[in-house]
2 protein chains.
Amino acid sequence: MATPLEKARKDPESMKARILHIARRFFGEYGYHGTTTRMIAKEAGIDISTLHYHWGDKKDLYEAVIVDINKDLGQKLMALEKRIHGLPLDQRMAIAIDAMTDYLFKFPEVSNLVLFHYFSKTRDALDLRVPEFTADIARSMGLTRDRKTTSPRAKIEVLAVMNAIHNFISGEKFFRPIVNLNRKDYISIVKETLKFVLIGSFVEREKKQKSS
Amino acid sequence: MATPLEKARKDPESMKARILHIARRFFGEYGYHGTTTRMIAKEAGIDISTLHYHWGDKKDLYEAVIVDINKDLGQKLMALEKRIHGLPLDQRMAIAIDAMTDYLFKFPEVSNLVLFHYFSKTRDALDLRVPEFTADIARSMGLTRDRKTTSPRAKIEVLAVMNAIHNFISGEKFFRPIVNLNRKDYISIVKETLKFVLIGSFVEREKKQKSS
DNA sequence: TTATTTTTCCATCAAAAGATGGAATCAATG
DNA sequence: CATTGATTCCATCTTTTGATGGAAAAATAA
């Protein structure tokens with residue numbers, strides 16, 4: 001039994017998918033209240049009633065968008081975990097940072113929406129449970145001793161790492177003029193900096209733990 | 001010549017200041033489009049027309065809010081710089097992280113608004129130039145060789161540090177359930193983690209630079 | 001081709017939201 | 001007190017926004 005979202009994800013040519021795709025970008029840039037159904041419909045070259053026909057009301061569409069980007073993100077993380085599994089920590093982190101920044105700079109609305117979802121409230125009470133990746137990433141980073149539970153500390157560390165990445169993607173419009181770089185140079189300096197700031201501490205700690 | 005904002009900042013008992021203060025919180029929680037003038041007026045126990053009487057239109061009020069929090073932030077950073085000046089880097093950073101997190105957890109709307117301003121667009125074109133602290137912080141962290149210019153790399157590093165802090169304040173509502181901690185424990189684990197992640201790399205690099 | 005289903009748009013609504021004029025109220029000043 | 005100026009609220013307006021019913025058009029099936 002295919003949900004509407006699954007249908008739209010499978011056939012990216014369909015109007016339903018088209019709307020979803022545009023909605024991702026708009027909700028990502030302007031947030032939930034900053035985006036109007038008319039903006040999305042206009043960009044898609046359709047009437048708002050067509051939008052409502054496919055997705056129900058605004059809230060439904062927004063929820064579909066959030067679920068959609070979380071699916072993408074989850075898939076990306078799973079693929080990445082496979083790729084880095086077994087490597088030493090510094091390489092694992094370096095590869096992960098490279099891959100994630102590349103991916104997110106290609107689909108910046110993912111970072112935008114994740115951060116929006118973290119940081120801002122909506123007047124309309126929308127209850128959507130998003131999948132929780134922190135525990136999986138913590139495991140992948142080797143931050144969990146126990147296989148079952150993940151300590152608060154480990155989760156907070158994961159959030160610090162993930163957010164550091166998202167920030168530079170979502171903040172590009174604001175940060176790039178500050179550093180006065182073109183997109184390409186911005187991306188590469190962001191990668192360097194993320195690796196510099198994030199990797200050192202974890203690798204050092206692992207060293208100490210192993211020697212003791 | 002006192003601007004309206006200065007007047008409101010000086011007399012925190014005035015209706016003008018009251019409105020500004022409430023507006024900070026609402027704009028911080030719901031963003032620009034997510035906040036209505038009616039929400040602010042209702043919270044202040046006044047009519048919307050009174051709000052408009054004091055602050056002009058919504059855009060004007062929002063701009064005042066942004067200027068206001070940036071002034072607060074600037075003052076805080078200046079005071080902090082005085083306090084840590086001359087100390088070794090690791091202490092400087094540890095004190096700064098402690099002080100900033102304490103301050104921002106007390107006024108979370110500051111972090112909220114800073115991040116909103118970085119990450120989201122507004123339909124209404126508001127042109128507000130916010131003061132730029134990255135260069136000053138970079139100097140305070142000893143990231144600038146030249147006294148006049150600050151390298152892109154140094155600025156990006158500063159942004160990484162500042163954002164890491166803001167994220168945990170603004171994200172509290174979302175992150176705290178994930179780690180399942182009370183507020184006090186959340187704050188202290190955030191401080192620990194920020195120090196762990198952020199300080200190590202900078203201190204290591206400084207060591208290497210000195211030895212060469 | 002004709003019938004049926006799906007998709008799209010037009011017209012229109014109702015509610016929400018930003019904004020204002022002007023009367024009423026309150027506070028200060030002579 | 002009376003006058004002036006500042007503040008506040010009520011009533012009201014306009015525009016924006018989310019949403020829908022039903023006709024038209026397009027696609028699919030018979």
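Each chain gets a letter, A, B and so on, in the order its sequence line appears, and its residues count up from 1.
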Examine B/Arg25 relative to B/Tyr30 and say whether NZ or CZ is less than 6.0 Å from the centre of the six-membered ring and inside a 45° cone about the ring axis. no
Using whole Å, what does the distance between atom P of nucleotide D/dG18 and atom CG of A/Leu126 come to? 13 Å
Quick check, are the ring centers of B/Phe168 and B/Phe105 under 6.0 angstrom apart? no
For atom OH of A/Tyr32 and atom P of C/dA16, their distance in whole Å: 13 Å
Does the side chain of A/Lys155 reach to within under 4.5 Å of the side chain of B/Phe175, using non-hydrogen atoms? no
Produce the list of close N/O pairs, under 3.5 Å, pairing protein atoms with atoms of nucleotides 13-17 of chain D; give distances to one decimal.
from, atom 1, to, atom 2, distance (Å)
D/dT17, OP1, B/Arg123, NE, 3.4
D/dT17, OP1, B/Arg123, NH2, 2.2

Expressed in angstrom and rounded to an integer, what is the separation of A/Met15 atom CE from C/dT6 atom P? 17 Å
Under the side-chain hydrogen bond (donor to acceptor under 3.5 Å, both in side chains) test, residues paired with B/Thr35 that sit two or more places apart: none
Rounded to the nearest 0.5 Å, what's the gap from CD1 on A/Ile169 to OH on A/Tyr103? Could you check? 11.0 Å
ring-ring contact (aromatic ring centres under 6.0 Å, His included) involving B/Phe26 - partner list, sequence neighbours excluded: none
Distance below 4.0 Å between A/His54 side-chain N/O and C/dT8 OP1 or OP2: yes
Starting from C1' on C/dA15, measure out to NZ on A/Lys59 and report it in whole angstrom. 15 Å
N/O donor to acceptor pairs below 3.5 angstrom from side-chain atoms of residues 44-51 of chain B, sequence neighbours left out:
from, atom 1, to, atom 2, distance (Å)
B/Asp47, OD1, B/Ser49, N, 2.8
B/Asp47, OD1, B/Ser49, OG, 2.5

In whole angstrom, what separates B/Asp124's CG from C/dG18's C1'? 10 Å
In this structure, how many angstroms lie between the C1' atom of D/dA19 and the CH2 atom of A/Trp55, rounded? 18 Å
From OH of B/Tyr62 over to P of C/dA17, roughly how many Å is that when rounded to an integer? 18 Å
For B/Tyr32, does its backbone N or O pair with a side-chain atom of B/Lys58 as donor and acceptor, under 3.5 Å? yes
For DNA chain C, find the residues of residues 40-53 of chain A with a heavy-atom distance under 4.0 Å and give them by number; none if there aren't any. A/Gly45, A/Ile46, A/Asp47, A/Ser49, A/Thr50, A/Tyr53
Quick one: which residue pairs count as a salt bridge (charged side-chain N to carboxylate O under 4.0 Å, His left out) with a foot in residues 105-123 of chain B, not counting sequence neighbours? A/Glu29-B/Lys121, B/Arg24-B/Glu109
For A/Leu61 and D/dA19, what is the distance between atoms CG and P respectively, to the nearest whole Å? 10 Å
